[in-house]
Amino acid sequence: MSPRNFFIGGNWKMNGSVAQVKSLVEGLNKINVPAQTEVVVAPPALYIDRVRANLKKEIGVAAQNSYVKASGAYTGEISPEQLKDLGIDWVILGHSERREYFGESDEFVGEKTAHALKAGVSVIACIGEKLEEREANVTADVVTRQLKGVADKINDWTNVVVAYEPVWAIGTGKVATPEQAEEVHVTLRNWLSTNVSKEVADSVRIIYGGSVNAKNAAELATKPNIDGFLVGGASLKPDDFNTIVQARL
Ligand code: 13P
């Protein structure tokens with residue numbers, strides 16, 4: 001089991017309505033957040049304000065993206081400074097869906113991470129290989145290259161959580177085995193130890209995402225380098241999400 005505080009993120013992606021958000025928040029407010037566990041949910045930007053206003057304070061709120069400027073003529077974008085203004089302390093950056101559909105590069109994800117941290121917003125930085133990359137045995141190259149994109153732009157990792165999300169496991173029901181996930185998490189920690197510092201490698205949370213559900217979370221949570229989860233589909237079901245939050249107990 002991981003010696004670091006457990007971190008559970010719920011990424012709602014582009015899902016929800018006023019009515020569904022209300023019932024999700026009601027469900028989340030019933031969750032008992034265990035000691036040494038951090039829980040953060042990421043609603044679509046439109047609903048962030050109402051979620052923060054109605055969700056209990058033991059649960060954090062994240063945006064799903066933010067930009068590299070504080071304000072200005074950047075139609076459609078949201079700044080971390082604006083998130084801060086609404087009491088939002090977290091942002092998910094570099095999700096594979098943003099890399100794939102919106103062309104976000106490793107460098108841009110690094111810049112966004114640096115800007116969010118500077119504005120006082122903590123970052124869930126996502127990385128992960130595609131199926132063809134895993135099959136070509138370049139998983140370690142891909143995930144360390146993506147991690148380097150972040151490492152090149154920041155010095156302080158205190159407010160960063162790394163989310164390893166293999167693209168082939170996202171939304172497919174095909175979860176990585178605990179051994180597969182642990183192997184990549186160890187690779188990432190070793191890379192951090194060599195290229196950043198041993199202290200950062202030992203302290204940074206590396207969480208797993210990709211078809212995590214109420215049934216498979218407990219076994220994944222037994223691995224020493226899996227410090228929690230980034231949950232998509234199952235985060236839209238409060239009972240299942242609660243089971244995942246309690247997975248390490
Ligand atoms: P699923 O849990 O739906 O596979 O999504 C994972 C994910 O992308 C979380 O960011």
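Bear in mind that the values here come from a model prediction, so they are computed numbers and not experimental data. Ligands are counted one by one from 1 in listed order, and the atoms in each one are counted from 1 as well. For this chain, numbers begin at 1 and follow the sequence in order.
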Any atoms of ligand 1 less than 4.0 Å from a non-hydrogen atom of [X]? List them with their elements.
{"X": "Gly233", "answer": "1 (P), 2 (O), 3 (O)"}
{"X": "Glu165", "answer": "6 (C), 7 (C), 8 (O), 9 (C), 10 (O)"}
{"X": "Leu230", "answer": "9 (C), 10 (O)"}
{"X": "Gly210", "answer": "4 (O), 6 (C)"}

Between the side chains of [X] and [Y], does any donor sit under 3.5 Å from an acceptor?
{"X": "Asn65", "Y": "Lys112", "answer": "yes"}
{"X": "Tyr67", "Y": "Glu81", "answer": "no"}
{"X": "Trp168", "Y": "Glu132", "answer": "no"}

* Of the backbone atoms (N, CA, C, O) and the side-chain heavy atoms from C-beta on, which set of Asn11 has a member under 4.0 Å from an atom of ligand 1: side chain, backbone, both, or neither? -> side chain

* To do: Give yes if a backbone or side-chain nitrogen or oxygen of Gly232 is under 3.5 Å from a nitrogen or oxygen of ligand 1, and no if not.
  => yes

* Asked: From His185 NE2 over to Lys223 NZ, what is the distance, rounded to the nearest 0.5 angstrom?
  -> 12.0 Å

So is [X] close enough to ligand 1, meaning a heavy atom under 4.0 angstrom away?
{"X": "Ala169", "result": "yes"}
{"X": "Gly171", "result": "yes"}
{"X": "Ser211", "result": "yes"}

* Is Val138 linked to Leu131 within one hydrophobic cluster, defined over Ile, Leu, Val, Met, Phe, Trp and Tyr using a side-chain heavy-atom separation of less than 4.5 Å? -> no

* Asked: Within the side chain of Arg50, is there an N or O that forms a donor-acceptor pair under 3.5 Å with the backbone of Val18?
  -> no

